[in-house]
Amino acid sequence: MASPRGRRVVLGITGGIAAYKAPELVRQLRAAGAEVRAVLSQSAARFVAVGALTAVGAEVVDDEEMGMLHIDLARWADIVLIAPATAHLLARLAIGAADDLLTTLCLATEAPICLAPAMNRVMWEHPATRANHTQLLERGVLFVGPDEGPQACGENGPGRMSQPAEIAAFLEHLWGEEGRLRGVRAVVTAGPTYEALDPARGLTNRSSGKMGYAVAAALAEQGAQVLLVSGPTGLTAPPGVRRVLVTSAIEMREVVLAHRDGMRLFVGAAAVADYRPETVSAQKLKKQAGTLTITFVRNPDIVAEVASWTPRPFTVGFAAETEELERHARTKLEKKGLDLVIANPIGEPGAGFGEDHNRVTLIDKDRTVAWTAAPKTEIARQIVMEIIKRLPRDTHA
Ligand code: PMT
């Protein structure tokens with residue numbers, strides 16, 4: 001397992017009894033080679049002394065000096081780790097509160113956020129905390145713990161903060177040898193788009209999002225900073241992946257465009273509708289005698305547009321085909337100017353839309369390689385390995 005050597009950790013400490021463990025956590029992170037800047041909430045100061053943190057090598061950042069500090073820290077961080085994270089902190093992050101340095105930098109950072117919750121077991125199990133926890137997981141916030149056991153309040157159950165060694169080990173795992181895409185900003189599109197015709201009806205397709213979500217998860221496993229732009233699916237965001245939900249192709253394009261700066265890798269796994277109704281009726285369309293003719297207009301081709309940028313990210317597309325898989329997919333590689341195409345058959349069992357497995361063929365300008373069928377999660381990891389091999393050197397960590 002690789003060490004967190006040289007990693008920059010913003011350690012947020014909130015006001016719970018478990019804050020007494022923060023100096024030991026700093027000591028372990030520093031011993032592993034990480035740089036640590038600590039930010040204390042107002043109430044944390046009642047549980048841990050600034051001197052104890054600086055003595056073990058943390059730089060303690062003062063809430064009072066705020067100014068542009070939240071932006072500086074947000075950019076500096078490789079991770080924002082909050083330990084302990086109280087129920088109140090979870091609630092504030094869930095609603096996007098920005099009323100002190102710690103919550104403000106959490107809103108401003110693009111680095112992963114990892115929480116080590118600590119609270120009384122009834123508070124942890126309260127429906128409000130459950131809802132906040134779920135919402136934060138949905139947004140790709142990482143959680144380590146809480147552990148179960150005797151609590152400072154005399155109760156027994158879930159809510160104890162994980163031990164510093166366990167939290168440090170979690171970060172080591174996160175930044176393990178697998179982290180070959182550390183620092184690479186990646187955008188992945190996934191799922192279907194829905195093109196409204198009227199308030200009740202629209203045009204969509206059978207994409208479940210499983211393939212694209214698996215690619216996003218596999219990229220995050222390799223340390224990439226992943227933004228997942230997802231059409232409507234029933235899936236939850238993979239750990240460590242920031243997700244933006246969209247409905248139509250136009251919305252998907254807008255979100256992708258808004259994240260152009262610094263994008264080093266783009267993977268278009270979404271099944272984007274090529275057409276949308278020319279007009280969207282504000283009222284539900286009424287039945288009428290005879291046939292109904294709807295005019296469809298072309299949607300923007302997102303992956304082709306991304307591939308045309310200068311500079312451009314390494315651009316990967318998918319191709320969903322019912323026939324002549326290789327020929328059609330190669331045409332897409334060339335016409336859309338892509339670096340790599342992952343072609344998959346649709347309309348056959350065990351591959352394509354909705355399935356947990358897939359059978360893909362990898363196509364680049366020189367080669368066509370057909371892989372055997374495997375779970376989408378495994379295929380996604382293999383795709384990421386192929387991306388790593390091809391990614392221009394300066395886009396690696
Ligand atoms: O979501 P699952 O149920 O897991 O199923 C996976 C999948 C079959 C949806 C996926 O693996 C897949 O093949 N995704 C691409 C489907 C598709 O729209 O293929 P296409 O051949 O129509 O498009 C080719 C490429 O252009 C794709 O990268 C697509 O994202 C992109 N595209 C297409 C149209 C458009 N307007 N904008 C685009 O960016």
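First listed ligand is number 1; within each ligand, the first listed atom is number 1. Everything numeric in this text was worked out from a predicted model, so none of it was measured. We use all heavy atoms of the structure for the numbers below, so side chains are in, but hydrogens, waters and symmetry mates are not. By convention here, the first residue in the shown sequence is residue 1.
Side-chain contact check for Gln28 and Glu24: at least one donor-acceptor pair (N or O, by modelled atom type) lies under 3.5 Å. For the residue pair Asn299 / Asp274, no side-chain donor-acceptor distance below 3.5 Å is found, with atom types taken as modelled. Under 3.5 Å, the side chains of Thr103 and Asp100 contain a donor-acceptor pair of N or O atoms. In summary, the side chains of Ser248 and Tyr194 do not present any donor paired with an acceptor at a separation below 3.5 Å, with no hydrogens or angles considered.
Note: the hydrophobic cluster containing Leu197 also contains Leu292 (ILVMFWY, side chain heavy atoms under 4.5 Å, direct or indirect links). Both Ile387 and Ile342 sit in one connected hydrophobic cluster of ILVMFWY residues. Membership requires side-chain heavy atoms under 4.5 Å apart, directly or through other members.
Atom 8 (C) of ligand 1 has as its closest protein heavy atom Asn344 OD1, 3.7 Å. At the shortest separation from atom 28 (O) of ligand 1 among protein heavy atoms lies Gly268 O, 2.6 Å. Protein heavy atom in closest approach to atom 39 (O) of ligand 1: Val303 N, 2.8 Å. In terms of protein heavy atoms, atom 37 (N) of ligand 1 is closest to Ile302 N, 3.1 Å. At the shortest separation from atom 18 (O) of ligand 1 among protein heavy atoms lies Ala271 CA, 3.3 Å. Atom 20 (P) of ligand 1 has as its closest protein heavy atom Lys332 NZ, 3.7 Å. Residue, atom and distance of the protein heavy atom nearest to atom 19 (O) of ligand 1 are Ala320 N, 3.5 Å. Protein heavy atom in closest approach to atom 14 (N) of ligand 1: Ala269 O, 2.9 Å.
The closest approach between Lys376 and ligand 1 falls below 4.0 Å for a heavy atom of the residue. Remark: distances from the non-hydrogen atoms of Gly209 to ligand 1 include one below 4.0 Å.
Around the CG atom of Asp261, the shell of radius 6.0 Å holds no more than 12 heavy atoms that belong to other residues, nucleotides or ligands.
Taking a cut-off of under 4.0 Å to the non-hydrogen atoms of Lys210, the atoms of ligand 1 that pass are 1 (O), 2 (P), 4 (O). Remark: ligand 1 atoms within the under-4.0 Å shell around heavy atoms of Pro300 are 35 (C), 36 (N), 37 (N). For ligand 1, the atoms closer than 4.0 angstrom to any heavy atom of Gly354 are 2 (P), 3 (O). Shown in contact with Met211 at under 4.0 Å from a heavy atom are these atoms of ligand 1, numbered in order with element: 4 (O), 6 (C), 11 (O). Near Ser207, the atoms of ligand 1 lying under 4.0 angstrom from a non-hydrogen atom of the residue are 1 (O), 2 (P), 3 (O), 9 (C). Atoms of ligand 1 lying under 4.0 Å from any heavy atom of Gly352, numbered from 1 in the order shown and given with element: 5 (O).
Separation of atoms CG (Leu25) and CD (Gln163) is listed at 10.5 Å; rounding is to 0.5 Å.
Ligand 1 has no nitrogen or oxygen under 3.5 angstrom from a nitrogen or oxygen of Glu355. By the 3.5 Å distance cut-off applied to N or O atoms, Asn358 is not counted among the residues near ligand 1. Between Asn299 and ligand 1, a contact under 3.5 Å exists for no N or O pair.
Using a cut-off of 4.0 Å between Lys/Arg side-chain N and Asp/Glu carboxylate O, Arg327 and Glu321 are scored as not salt-bridged.
Judged as a side-chain hydrogen bond (donor to acceptor under 3.5 Å, both in side chains), and not counting sequence neighbours, the contacts of Asp301 are Lys336. Shown here are the salt bridge (Lys or Arg N to Asp or Glu O under 4.0 Å) partners of Arg201, two or more places apart in sequence or in another chain: Asp198.
Proximity annotation for atom 24 (C) of ligand 1: of Phe266, Tyr275, Phe318, Phe318 comes nearest, heavy atoms only. Of the options Ala270, Ser230, Gly317, the smallest heavy-atom separation from atom 29 (C) of ligand 1 is shown by Ala270. Considering Asn205, Thr189, Asp274 only, the shortest heavy-atom separation from atom 34 (C) of ligand 1 involves Asp274.
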Verdict with supporting geometry, Arg130 and Glu125, salt bridge (Lys or Arg N to Asp or Glu O under 4.0 Å): CA-CA 6 Å; Arg130 297 292 79 245; Glu125 284 164 353; over 6 Å; no
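No option in Val360, Asn344, Thr361 other than Thr361 meets the side chain to side chain contact (heavy atoms under 4.5 Å, CB included) test with Leu325.
Distance alone, capped at 3.5 Å, places no donor-acceptor pair between the Thr322 side chain and the Ile346 backbone.
Under 4.0 Å from ligand 1, the heavy atoms of Lys336 that appear belong solely to its side chain.
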